[in-house]
Amino acid sequence: MPELPEVQTVLEGFIEAVGSTRITALDCYYPGTVILDPELESSVFPAQIQGHRRLGKYMTISLKGGHSLVVHLRMTGKLVYNPSPDEPLKHERARFSLENGAVVHFIDIRTFGKIILCKSSNLERYLPNLGAEPLEPCYTAAYLQKQLSSRKAPIKNALLDQSVVAGLGNIYVCELLYRAKIHPETPSNQVNLRSLQRIVKETRQVLAEAIAVGGTSVSDFRSIDDKTGSFQNFLRVYQKTECPRGHKIANVKLAGRSSFYCPVCQHP
DNA sequence: CAATGATCCTGTCCGC
DNA sequence: TGCGGACAGGATCATT
């Protein structure tokens, strides 16, 4: 599932693939995949990319001319660069056409992904409240302590809440909690400052390692050039049966998601 | 405000 | 071989 490292990989790939070529069209093949801002100007395309930014699991791409794109892959969304266009592919929900004749397919089996095209001045309307960026200085143990002090839900649920930390999903939360040696069911407001410091440190570490290898390709995640990431080879608990120290991995449902952890290494 | 559960959706896998 | 059901899960919405 695309989380921060995968979104970062896809966004960088998209920006590099499109380069300075202008986008000439955005077509939608599945109702609801492309959302158009009611205040859009009539002449959006052709438009050159001006800048880009990842916000949590959201990609934002600003276009010259005052418009912006927001892309969210949700669970199965993919951007696929194709220098020679074809008829719409299976599961192709939308498509960017480029002035040089290439296209970028938006493939999304489960159709939850979204592409929003809006006036740049309206961008914030299309983004939810996002918490701290985990790779930026604002993400600290003190910040987490403040966020979590009123919460009793398991720490794993809190870390999946995008309004607390932006960009983490099931895989990386499982992994960072293992590295931080924290049991996923620990009530959020009972995680002490020392443990929160480990959480912050391991969050940064695991995300940086994953970004460095192009993300995690479980199920069918691919970069825009159809390359697999390789962080799946470094997972320690997610979908594992044994932790690196040889203990049996447990799996409990938290917030409706499989939560892999080591009962020996991870403590409340 | 916090927490929970249903919802969206389709491919895959399991058991019978 | 085929079929029903569970499962995968990010975000949003309604409900408690």
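Every chain is numbered from 1 and lettered A, B, ... according to where its sequence line falls, protein lines coming before strand lines.
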K.L.:
Please determine, for the side chain of K152(A), which listed nucleotide (dC9(B), dT12(C), dA3(B)) has the closest atom?
P.N.:
dA3(B)
K.L.:
Please tell me which of N251(A) and P128(A) maps to the more 5' nucleotide of DNA chain C, matching each residue to the nucleotide holding its nearest heavy atom.
P.N.:
N251(A)
K.L.:
Whole Å only: how far is the CG atom of L159(A) from the P atom of dA3(B)?
P.N.:
13 Å
K.L.:
Can you tell me how far P of dA11(C) sits from CG of L73(A), to the nearest Å?
P.N.:
10 Å
K.L.:
Nearest-Å distance, NZ (K78(A)) to P (dT10(B))?
P.N.:
16 Å
K.L.:
Just the rounded figure in Å: distance from C1' of dG10(C) to CG of L127(A).
P.N.:
15 Å
K.L.:
In whole angstrom, give the distance that lies between atom NZ of K146(A) and atom P of dA2(B).
P.N.:
13 Å
K.L.:
Can K64(A) and Q48(A) be counted as having a side-chain donor-acceptor contact under 3.5 angstrom?
P.N.:
yes
K.L.:
Please give, in whole Å, the distance from dA11(C) C1' to M1(A) CE?
P.N.:
15 Å
K.L.:
Hey, is the main chain of I23(A) close enough, under 3.5 Å, to the side chain of E99(A) for a donor-acceptor pair?
P.N.:
no
K.L.:
How long is the line joining OH of Y58(A) and P of dG10(C), in whole Å?
P.N.:
12 Å
K.L.:
Please pick, from dT10(B), dC7(C), dG10(C), the nucleotide with the shortest atom-to-atom distance to any side-chain atom of K253(A).
P.N.:
dC7(C)
K.L.:
Can a donor-acceptor pair be found, under 3.5 Å and without considering hydrogens, that links the side chain of R125(A) to the backbone of L127(A)?
P.N.:
no
K.L.:
Using a cut-off of less than 4.0 Å, is there contact between a side-chain N or O of Q162(A) and OP1 or OP2 of dG10(C)?
P.N.:
no
K.L.:
Using a heavy-atom cut-off of under 4.0 Å over every strand shown, decide if Y238(A) touches base, sugar-phosphate, or nothing.
P.N.:
sugar-phosphate
K.L.:
Kindly indicate whether a cation-pi arrangement holds for R93(A) with Y30(A), taking the cut-offs as under 6.0 Å to the six-membered ring centre and within 45° of the axis.
P.N.:
yes
K.L.:
Using only heavy-atom distances, determine whether the side chains of H105(A) and N82(A) contain a donor-acceptor pair under 3.5 Å.
P.N.:
yes
K.L.:
Which one, dT10(B), dT4(B), dG10(C), comes nearest to the side chain of R110(A)?
P.N.:
dT10(B)
K.L.:
Has Y30(A) got a side-chain N or O lying under 4.0 Å from the OP1 or OP2 atom of dC9(B)?
P.N.:
yes
K.L.:
Mind checking S258(A) for me? I need base, sugar-phosphate or nothing, with any heavy atom below 4.0 Å counting as a touch.
P.N.:
sugar-phosphate
K.L.:
Any idea which of dT10(B), dG10(C), dA2(B) is nearest the S150(A) side chain?
P.N.:
dA2(B)
K.L.:
Taking atom C1' of dA8(C) as reference, at what distance in whole Å does atom CD of E3(A) sit?
P.N.:
13 Å
K.L.:
H91(A) side chain N/O closer than 4.0 Å to the phosphate oxygens (OP1, OP2) of dC9(B)?
P.N.:
no
K.L.:
Among the nucleotides dA3(B), dA11(C), dC9(B), which one has an atom lying closest to any side-chain atom of H72(A)?
P.N.:
dA11(C)
K.L.:
Can you confirm whether the side chains of D225(A) and S223(A) place a donor and an acceptor under 3.5 Å from each other?
P.N.:
no
K.L.:
Taking the side chain of R151(A) as its heavy atoms from C-beta onward, which of dC8(B), dG11(B), dA3(B) lies nearest to it?
P.N.:
dA3(B)
K.L.:
Give a yes/no answer on whether the side chain of R257(A) brings an N or O atom under 4.0 Å of OP1 or OP2 in dG10(C).
P.N.:
yes
